[in-house]
Amino acid sequence: EHESDDDAYEVLDLTEYARRHHWWNRVFGRNSGPIVEKYSVATQIVMGGVTGWCAGFLFQKVGKLAATAVGGGFLLLQIASHSGYVQVDWKRVEKDVNKAKKQLKKRANKAAPEINTLIEESTEFIKQNIVVSSGFVGGFLLGLAS
């Protein structure tokens, strides 16, 4: 039985990679561990806050743009449909949406272990860098509000 292209991938062990490539140490230093070990608390809060604010501000602007584009598209489609310019085959739309939902469920079930691993790694990163993470969250919320 042949594996599909989606299932075939190579796992890269970064610790082994770093041992074999000395440039890694030159770029990231011998101690490329948690950011807590490198900067003061105030610097970490400022770094997290600034990056969080930028991310929140961009998220807000892109979100508004996306919502406007999608809503405007639906509005134009409804106006065109109501005016008789466009005929929508709603049975076909429903069939395609159901087919897409089945495919998404199938792929979501396949991706569950990878998602759990990503969540665990993210949680570990947040625990190791709690000051920067809290600064980022605060900055992100301020960015959303501005």
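Everything quoted here is computed from the prediction, not taken from an experiment.
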Contacts of type side-chain contact (heavy atoms from CB on, under 4.5 Å), residue [X], not counting sequence neighbours:
| X | answer |
| --- | --- |
| Val46 | Val50 |
| Phe59 | Phe140, Leu144 |
| Thr117 | Glu121 |

Minimum heavy-atom distance Ala55-Phe136, with the two atoms named:
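Shortest heavy-atom contact: CB-CZ, 3.9 Å.
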Quick one: list whatever passes side chain to side chain donor-acceptor pair (under 3.5 Å) with Ser122, sequence neighbours left out.
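With sequence neighbours excluded, Ser122 shows a side chain to side chain donor-acceptor pair (under 3.5 Å) to no residue whatsoever.
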Which residues share a side chain to side chain donor-acceptor pair (under 3.5 Å) with Ser146, sequence neighbours left out
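For Ser146 the side chain to side chain donor-acceptor pair (under 3.5 Å) partners, ignoring immediate neighbours, are Trp53.
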Identify all side-chain donor-acceptor contacts of residues 68-91 below 3.5 Å with residues at least two apart in sequence or on another chain.
residue : atom : partner : partner atom : Å
Thr68   : OG1  : Lys64   : O            : 2.8
Ser83   : OG   : Ile79   : O            : 2.9

What distance do [X] atom [atom1] and [Y] atom [atom2] have between them, rounded to the nearest 0.5 Å?
| X | Y | atom1 | atom2 | value |
| --- | --- | --- | --- | --- |
| Lys106 | Leu104 | NZ | CG | 12.0 Å |
| Asn129 | Met47 | CG | CE | 9.0 Å |
| Lys102 | Lys105 | NZ | NZ | 9.0 Å |

Out of curiosity, does Ile126 fall in the hydrophobic cluster containing Ile45 (side-chain heavy atoms, cut-off under 4.5 Å, transitive links)?
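Linked, Ile45 and Ile126 end up in one cluster.
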Any side-chain heavy atom of Gln103 sitting closer than 4.5 Å to one from Lys99?
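The answer is yes; the side chains approach within 4.5 Å.
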